[in-house]
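Take a look at the structure set out below.
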Amino acid sequence: MVPALLVLALEFHRAPIRFGHLTDPAYPLPDGFGDWLTESSAALGPAKIQSTAKALSTEPEALREAFLFLLRQVLLAPRADHYRALGLSRCCAPESIKQHHGLLVRMFHPDRLPDGGGLGVALTARINAAYQVLRDPKTRQRYDSVLPPLPDGGRSNQDGRDFFRPRDPVDPNPWRIAVPPRPPTRFRPRLLWVPAAAFLAALLL
C-alpha cells in the first residue's frame with residue numbers, strides 16, 4: 001500500500017496553494033506524522049522506490065522531488081520551531097529525536113540533492129541545529145520554557161484527516177475587478193416610429 005504522505009506530496013507539489021494550512025508553523029502536525037515520515041522514507045528507499053513510483057503513475061525522481069519539496073515547506077519553514085523541523089510533536093520521546101534527525105539528514109545531505117551545495121548545506125544545518133537543542137534534556141527543557149503555546153493546546157486531529165484535506169482554491173488574480181452584468185435592454189416600440197417617419201418624409205419629398 002502506498003503511504004498517504006507520498007500521495008499528498010504529489011498533490012502538494014502540483015498545487016501548493018490548495019494546502020496553505022500545511023506551511024503554517026502554528027498549525028500543529030498530526031499525532032501520526034512521525035510514523036508517516038518513517039513509512040514514506042522506507043517506501044522511497046533504493047529497493048522500493050521503483051515500485052512505489054509505478055503505483056503512483058510517476059517517475060522515481062519526480063516522486064522523490066515532490067516529497068522533499070513537501071518536507072521543506074512543511075517542516076523547515078523559516079518560523080518553524082525545532083520540533084517541527086524534525087517532524088515531531090513537543091511531547092515526543094527522546095529516542096524519536098535521534099531517529100528523525102538521522103532520517104532527515106540523509107534525505108537533505110548535499111551529496112544527495114541534485115543541486116549539491118547551497119540548499120543542502122542550509123537545510124542540513126537547520127536540522128542539526130534543532131537536534132543539538134533537543135537531544136540534551138537540559139537544553140530541551142530551557143527551549144520548551146520559551147516556546148509560545150500552540151493553538152488549542154497544540155492538539156491536532158489524531159487521524160490527520162484535516163491535514164490531508166485541501167482548502168478551497170484561491171483566486172489566482174485577486175486584483176481582478178468584477179464587472180457587473182449589463183441589465184437587459186428593454187424593447188421600446190415607440191422608437192420604431194422615428195426611422196419610419198423619416199423614411200416616409202423622404203419619399204414625399
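Heavy-atom basis, side chains included; hydrogens, waters and symmetry copies ignored. We're numbering straight along the sequence, starting at 1. Note that this is a predicted model, so its numbers are computed, not measured.
- Using modelled atom types and a 3.5 Å distance limit, the side chains of His101 and Arg106 yield no donor-acceptor pair.
- Separation of atoms CG (Leu10) and OG (Ser57) is listed at 10.0 Å; rounding is to 0.5 Å.
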Can Leu8 and Leu22 be said to form a side-chain contact (heavy atoms from CB on, under 4.5 Å), step by step?
CA-CA 11 Å; Leu8 174 63; Leu22 301 185; 4.0 Å; yes
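- Judged purely by atom type and a 3.5 angstrom limit, Thr52 has no side-chain atom pairing as donor or acceptor with the backbone of Leu44.
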Show your working on side-chain contact (heavy atoms from CB on, under 4.5 Å) between Arg165 and Arg18 and close with a plain yes or no.
CA-CA 9 Å; Arg165 186 180 295 121; Arg18 298 187 66 207; over 6 Å; no
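- Under a 3.5 Å cut-off, the side chain of Thr38 and the backbone N or O of Gly34 do form a donor-acceptor pair.
- The two residues Ala42 and Lys48 have their closest heavy-atom pair at O-CD, 3.7 Å.
- A donor-acceptor pair is defined here as one N or O able to donate and one able to accept, closer than 3.5 Å; such a pair exists between the side chain of Arg84 and the backbone of Tyr27.
- Interatomic distance, OG of Ser96 versus CG of Leu103, reported as 11.5 Å (0.5 Å rounding).
- Between Ala130 and Ala85, the shortest heavy-atom distance links the atoms CB-CB, 4.1 Å.
- Phe33 and Leu71 get closest at one heavy-atom pair: CZ-CD2, 4.4 Å.
- When all heavy atoms are compared, the tightest approach of Leu37 to Ser41 is O-OG, 2.8 Å.
- Taking each heavy atom of Pro25 and Ala77 in turn, the nearest pair found is CG-CB, 4.5 Å.
- Counting heavy atoms from C-beta outward, Tyr131 and Lys98 have side chains that approach closer than 4.5 Å.
- Annotation: the span from Leu88 atom CG to His100 atom NE2 amounts to 5.0 Å, rounded to 0.5 Å.
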Determine, stepwise, if the pair Arg72 / Leu123 fulfils side-chain contact (heavy atoms from CB on, under 4.5 Å).
CA-CA 8 Å; Arg72 287 201 310 269; Leu123 294 176; 3.4 Å; yes
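- Taking all atoms of both residues into account, the shortest heavy-atom contact from Leu6 to Phe67 is CD2-CD1, 3.6 Å.
- The distance from atom CG of Leu29 to atom OG of Ser89, rounded to the nearest 0.5 Å, is 8.5 Å.
- A distance of 15.0 Å separates CG of Leu63 from NZ of Lys54, quoted to the nearest 0.5 Å.
- Residue pairs meeting the side chain to side chain donor-acceptor pair (under 3.5 Å) criterion with at least one partner in residues 132-148, sequence neighbours excluded, are Tyr83-Arg140, Tyr83-Asp144.
- With Phe69 as the fixed residue, the ring pair (Phe, Tyr, Trp, His ring centres under 6.0 Å) test singles out one of Phe108, Phe12, Phe19: Phe12.
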For Leu5 and Leu70, run side-chain contact (heavy atoms from CB on, under 4.5 Å): C-alpha distance rounded to whole Å, both residues' side-chain angles, the deciding distance at 0.1 Å, then the answer.
CA-CA 9 Å; Leu5 196 60; Leu70 174 72; 4.0 Å; yes
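- Ring geometry, His21 versus Phe163: the interplanar angle exceeds 60°, so the pair is classed perpendicular (tilted spans 30 to 60°).
- Here Ile127 contributes atom CD1 and His82 contributes atom NE2; the two are 12.5 Å apart, rounded to the nearest 0.5 Å.
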